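FYI, the numbering just counts along the sequence from 1. Note that the coordinates shown come from a computational prediction; the quantities given were computed from them, not determined experimentally.
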Amino acid sequence: MDTSILIDGAFLRKKFHAAFKKDITAENIRLFSLDLLKKFNLQQNDLHRMYYYDCEPCTAKTSTPVTNRAFLFEKTPQYANGMKLLSDIKKLDFFAVREGTLQFSGWKLRKSAYNKQPLTDDDFEPELRQKGVDIKIGLDLAWISYNHIAERVIFVTGDSDFVPAIKTARRNGIFVYLVTLNHMVRGELPDNCDVCNNDGIKNFNMI
């Protein structure tokens, strides 16, 4: 009885950083994925493949919001770290990486600077939006279910926009296990899955 694991990468990265105050690594993700199987009393030989969905770091060229100096995302440590993470995940056994694009839509004021004057460049952070990731997740859920690639899907996300794709998978006979990492989700998301695990990220073996 095959199992596919689908991981919403941006969701997992944010949860990990909030809990451990550091960036996630490919090894953290590998350990997390194996522990997911244990949470649902599944064996590693039940595994079909693990799918990780995320974006390459932004490559936009812009200028800083206050001093108007040239700013290249490719020159930042975040860019190098993001590229390394994706490269390392691709090297893991039984992992497939699905990539969208990350688009820069402007600068936004940090909450810590709301009442500050004068403002500096460091008081702003880039507003970045994923494009193409959600549709890849939805298509893979449909592909897995229509082609009977696996009989179970463990889905790590907190986004209720995936409810229609989950419903389609279940109609096609797929058992859907949802992992929310204790994120506050709309009721329709767990209501439309077969099993829901709400453990916080610190309850998983990934360090």
Show the nearest heavy-atom pair for residues F20 and I201, with the distance to one decimal. CE1-CG2, 4.2 Å

Which atom pair, heavy atoms only, marks the closest approach of V66 to L119? CG1-O, 3.8 Å

Which donor-acceptor pairs under 3.5 Å do side chains of residues 85-97 form with protein atoms, sequence neighbours excluded?
unit_1, atom_1, unit_2, atom_2, d
D88, OD2, K84, NZ, 2.6
K90, NZ, E99, OE2, 2.7

Check the hydrophobic clustering (I, L, V, M, F, W, Y; side-chain heavy atoms under 4.5 Å; chains of links allowed) and say if F155 and I29 are grouped together. no

Please verify the inter-ring angle class for H48 with Y51; under 30° counts as parallel, over 60° as perpendicular, anything in between as tilted. tilted

Taking atom OH as the centre, does Y146 end up with more than 12 heavy-atom neighbours from other residues, nucleotides or ligands that are less than 6.0 angstrom away? no

Would you confirm whether D2, through its side chain, and E151, through its main-chain N or O, come within 3.5 Å as a donor-acceptor pair? no

Ignoring hydrogens and angles, write down the donor-acceptor pairs under 3.5 Å from the side chains of residues 71-78, residues two or more places apart or on other chains.
unit_1, atom_1, unit_2, atom_2, d
T76, OG1, F73, O, 2.7
T76, OG1, Y79, N, 3.3

In sequence, state the C-alpha distance, the side-chain angles, and the governing distance for I154 and S4, and then conclude on side-chain contact (heavy atoms from CB on, under 4.5 Å). CA-CA 6 Å; I154 300 175; S4 292; over 6 Å; no

Decide whether K15 and H183 meet the rule of one side-chain donor and one side-chain acceptor closer than 3.5 Å. yes

Quick check: are there more than 12 heavy atoms from other residues, nucleotides or ligands sitting under 6.0 Å from CZ of R186? no

Does E125 CD have over 12 foreign heavy atoms under 6.0 Å away? yes

So, D121 and T67: side-chain donor and acceptor under 3.5 Å apart, yes or no? yes

Residue pair E188 / V163, side-chain heavy-atom distance below 4.5 Å: yes

Would you say the side-chain atoms of D134 and Y53 include a donor-acceptor pair closer than 3.5 Å? no

